[in-house]
Amino acid sequence: MPHDTPLISTIVGGLVLAFIFGAFAHRLRMPPLVGYLIAGVLVGPHTPGYVADQNLAPELAEIGVILLMFGVGLHFSLKDLLSVRGIAVPGAIVQIAFATLLGWGLGAFMGWSTGGSLVFGLALSVASTVVLLKALQERRLVETERGRIAVGWLIVEDLAMVLALVLIPAAASIGGEGHAPVEPLSAGLSRLFGLDLGIGGMIAMTLVKVALFVALMLVFGRKLIPWTMHRIAHTGSRELFRLGVLAIALGVAFGAAKLFGVSLALGAFFAGMVLAESELSHRAAQESLPLRDAFAVLFFVSVGMLFDPNILIDKPLPILATIFIIVIGKSVAALLIVLAFKKPLSTALTISASLGQIGEFSFILAALGVELGLLPEEGRDLILAGAIISIILNPLLFFLCDRMRPLLDGAKREDVVADPAPAAEAIAAQEEMPPEDDEVHPTALSRHSILVGYGRVGSIVGQNLKSSATPFLVIEDSDKRIGELKAQGIETLSGNAVMRETLDLANLSGARSIAIAIPNAFEACRIVEQARSVNPSILIVARAHSDAEVDELKQYGADTVIMGEREIALGMVDRLAQVHHESVPYEDGHEPDTIMPTDGPPPERE
């Protein structure tokens with residue numbers, strides 16, 4: 001059996017180099033995706049040495065896009081999607097039109113045809129699914145209002161690009177520059193009945209097919225998919241359950257693309273969204289996570305393979321203009337659009353940073369434009385260069401937006417103070433302004449407890465702290481939970497505790513204890529490390545799912561680590577002992593103590 005097969009060598013070469021350069025980038029305090037892109041450039045055809053299969057790599061990367069959008073759908077609901085339609089639909093349409101106009105202007109300036117310039121502008125107008133979702137997930141923003149708007153905006157862009165992929169060949173054929181219409185249903189009707197539907201007919205057919213797919217998913221899919229997963233879960237086989245999750249995600253995406261002309265990513269998103277209504281959605285997300293991460297890495301590697309570094313020397317000015325449209329033009333347009341809808345500044349900054357890059361749909365449009373003879377190869381190279389550089393710059397764009405927000409907020413406050421309007425009118429104007437739901441302020445608490453996460457575990461800890469009158473605050477990033485906590489009168493900080501700024505707002509240096517109730521061990525270790533470095537005497541309590549996680553958290557400085565499975569077992573042993581041995585205490589433990597308020601100094605670490 002040959003060992004040097006294209007599939008195996010592409011996967012191994014891509015993942016191994018991505019791991020090496022991703023770790024190196026992380027060491028330099030850069031996003032790992034920069035390392036993934038460099039790995040792709042090294043295995044691409046434009047650099048010496050090993051060259052990965054350029055046909056297999058994009059197909060493997062597409063699996064990552066499918067699984068990633070399926071995971072996003074698992075955290076979404078139809079209600080969430082409809083709740084942002086008022087801003088996502090008009091916002092995405094205006095932003096696409098503005099970016100397309102800028103790209104058309106650059107193409108016209110370089111002497112390209114009108115069709116080629118429009119294809120170029122469309123390619124610059126649509127953001128990358130993988131990059132946007134990775135950025136939101138790293139900042140734990142997917143379930144916030146900002147995240148929902150960004151994802152809804154992305155869905156509208158995907159729908160617009162699906163329509164564009166149908167219209168571009170039709171427009172090219174009508175103009176005498178390309179092939180005949182390729183829309184299957186329209187072509188079939190033309191053959192059967194001799195009808196020439198034209199562009200209007202093809203648009204109508206595309207919209208009908210998309211609407212039919214959405215209707216089937218909402219009517220039949222939301223019943224059939226959860227029922228299927230429940231039946232699989234009842235078999236008790238984890239292997240079958242994991243296979244069922246992958247089969248549904250990939251099967252629905254592939255079927256949507258082949259039967260209804262919907263993009264693979266969009267089909268996977270709806271599959272995840274209908275499964276989200278089942279209580280098995282959380283487990284499905286966990287089972288698909290490892291493959292999502294692995295194939296998402298292959299996406300960045302495949303993007304890097306397309307990049308020819310020589311273009312940086314041959315076409316520096318056109319590249320700068322292309323990057324300006326992607327990073328500055330699109331971001332400023334999105335910022336102004338969101339502010340025009342009277343959304344908070346933090347929401348506008350997050351969405352503008354999220355959309356300041358391009359990705360997979362841009363490559364598809366570029367390839368189609370070149371194939372039809374509309375877009376010159378120079379335009380495709382500029383799109384690829386713009387994608388690579390904008391993806392690398394995207395984390396920096398998020399960083400700048402985070403730094404700009406306090407300055408802009410301060411300028412707004414100064415304008416209010418300098419306003420000569422009467423005090424009563426100023427107060428009334430402030431009351432009419434929509435609240436900045438993402439605004440966070442430093443806590444006034446001291447000698448308090450910090451609770452990170454308010455899920456199933458954190459809520460029990462929080463209620464215990466509240467009932468014992470222990471001063472505490474919660475760090476949470478879910479809008480729904482934050483609203484519930486504020487309704488209960490519990491002080492809450494909106495944000496990710498991994499960020500040092502969030503811990504500073506919680507007065508970590510003045511706290512007596514911190515309880516880390518989130519299930520992500522990697523993030524928990526980072527929080528423990530920062531907490532111990534800022535406040536050496538603080539009591540740190542964390543949770544874990546394995547002995548290895550327990551050891552790692554303790555190495556980073558946690559005082560007490562609770563492993564869920566062990567505590568469940570001890571609880572079962574105690575209950576059995578009450579029946580068989582008249583309430584014999586735990587063999588290796590004791591009943592957990594209720595945290596009570598004290599006025600003494602915090603306990604010293606051993």
Side-chain angles (χ1 to χ4, degrees), residues 75 136-148 282 344 346 435-532 534-535 538-544 553 557-562 564 592-598 602:
H75 293 91
L136 295 179
Q137 288 175 344
E138 287 175 1
R139 291 158 181 82
R140 302 181 64 145
L141 294 174
V142 174
E143 298 183 20
T144 64
E145 183 189 16
R146 291 177 280 171
R148 288 194 293 270
H282 181 70
S346 56
E436 291 260 354
D437 53 61
D438 295 307
E439 191 72 25
V440 290
H441 303 281
T443 182
L445 295 175
S446 62
R447 302 181 63 77
H448 58 294
S449 180
I450 301 172
L451 175 57
V452 180
Y454 205 77
R456 290 178 296 176
V457 174
S459 59
I460 297 174
V461 177
Q463 291 303 318
N464 184 282
L465 291 169
K466 184 177 181 181
S467 62
S468 62
T470 302
F472 77 103
L473 62 84
V474 177
I475 298 178
E476 179 57 63
D477 58 9
S478 170
D479 284 348
K480 181 179 179 181
R481 291 173 184 164
I482 291 172
E484 294 173 352
L485 287 165
K486 290 182 177 179
Q488 298 176 31
I490 297 175
E491 183 174 351
T492 309
L493 286 177
S494 174
N496 189 349
V498 174
M499 306 299 293
R500 177 63 180 273
E501 295 83 358
T502 305
L503 292 175
D504 290 341
L505 291 171
N507 189 18
L508 180 61
S509 59
R512 301 194 67 221
S513 65
I514 179 170
I516 305 171
I518 58 175
N520 189 317
F522 178 77
E523 292 188 357
C525 286
R526 294 184 62 185
I527 298 170
V528 169
E529 184 180 24
Q530 294 186 81
R532 185 59 66 203
V534 173
N535 189 343
I538 194 172
L539 172 67
I540 303 177
V541 181
R543 61 180 288 195
L553 286 163
D559 294 292
T560 303
V561 182
I562 308 298
D593 296 326
T594 300
I595 301 175
M596 298 298 293
T598 59

- Message: Measuring from atom CD of Gln488 to atom CD of Gln463, what distance do you get when rounded to the nearest 0.5 angstrom?
- Response: 5.5 Å

- So, for Thr502 and Leu493, which heavy atoms are closest and what is the spacing to 0.1 Å? O-CD1, 3.9 Å

- Check: Val457 and Ile562 side chains under 4.5 Å, non-hydrogen atoms: no

- Query: Nearest heavy-atom pair of Gly453 and Ala517: which atoms, and what distance?
  - Reply: O-CB, 4.0 Å

- Query: Is a side-chain donor or acceptor of Asp559 paired with a backbone partner of Val541 at a separation under 3.5 angstrom?
  - Reply: no

- Message: Among Val498, Leu503, Leu451, Ile514, which residue satisfies the side-chain contact (heavy atoms from CB on, under 4.5 Å) criterion with Ile475?
- Response: Leu503

- Task: Give, for atom CD of Glu491 and atom NE2 of His448, the distance between the pair rounded to the nearest 0.5 Å.
- Result: 7.5 Å

- Spacing of Ile490 atom CD1 and Lys466 atom NZ [to the nearest 0.5 Å]: 4.5 Å

- Item | Pairwise distance OG1(Thr470) to CG(Asn464) - rounded to 0.5 angstrom | 7.5 Å

- Message: To the closest 0.5 Å, what do you measure between CG (Leu553) and CZ (Arg543)?
- Response: 11.0 Å

- Message: On a heavy-atom basis, which atom in Ala544 and which in Val561 lie closest, and how many Å separate them?
- Response: CB-CG1, 3.7 Å

- Query: Taking all non-hydrogen atoms of both residues, which atom of Ile518 and which atom of Ala524 are closest, and how far apart?
  - Reply: CD1-N, 4.2 Å

- Query: Just wondering, do Asn507 and Ser446 contact through their side chains at under 4.5 Å, heavy atoms?
  - Reply: yes

- Are Arg500 and Val534 close enough that some pair of their side-chain heavy atoms sits under 4.5 Å apart? yes

- Note on the structure: Sorted by chain and number, sequence neighbours left out, salt bridge (charged side-chain N to carboxylate O under 4.0 Å, His left out) with Arg526 holds for none

- Can you see which heavy atom on Ala511 is nearest to which on Ile450, and at what distance? CB-CD1, 3.9 Å

- Message: Show the nearest heavy-atom pair for residues Ala558 and Val528, with the distance to one decimal.
- Response: N-CG1, 3.4 Å

- Item | Straight-line distance of Arg512 CZ to Leu539 CG, nearest 0.5 Å | 9.0 Å

- Looking at Leu505, Leu508, Thr492, Leu473, which hits side-chain contact (heavy atoms from CB on, under 4.5 Å) with Thr443? Leu473

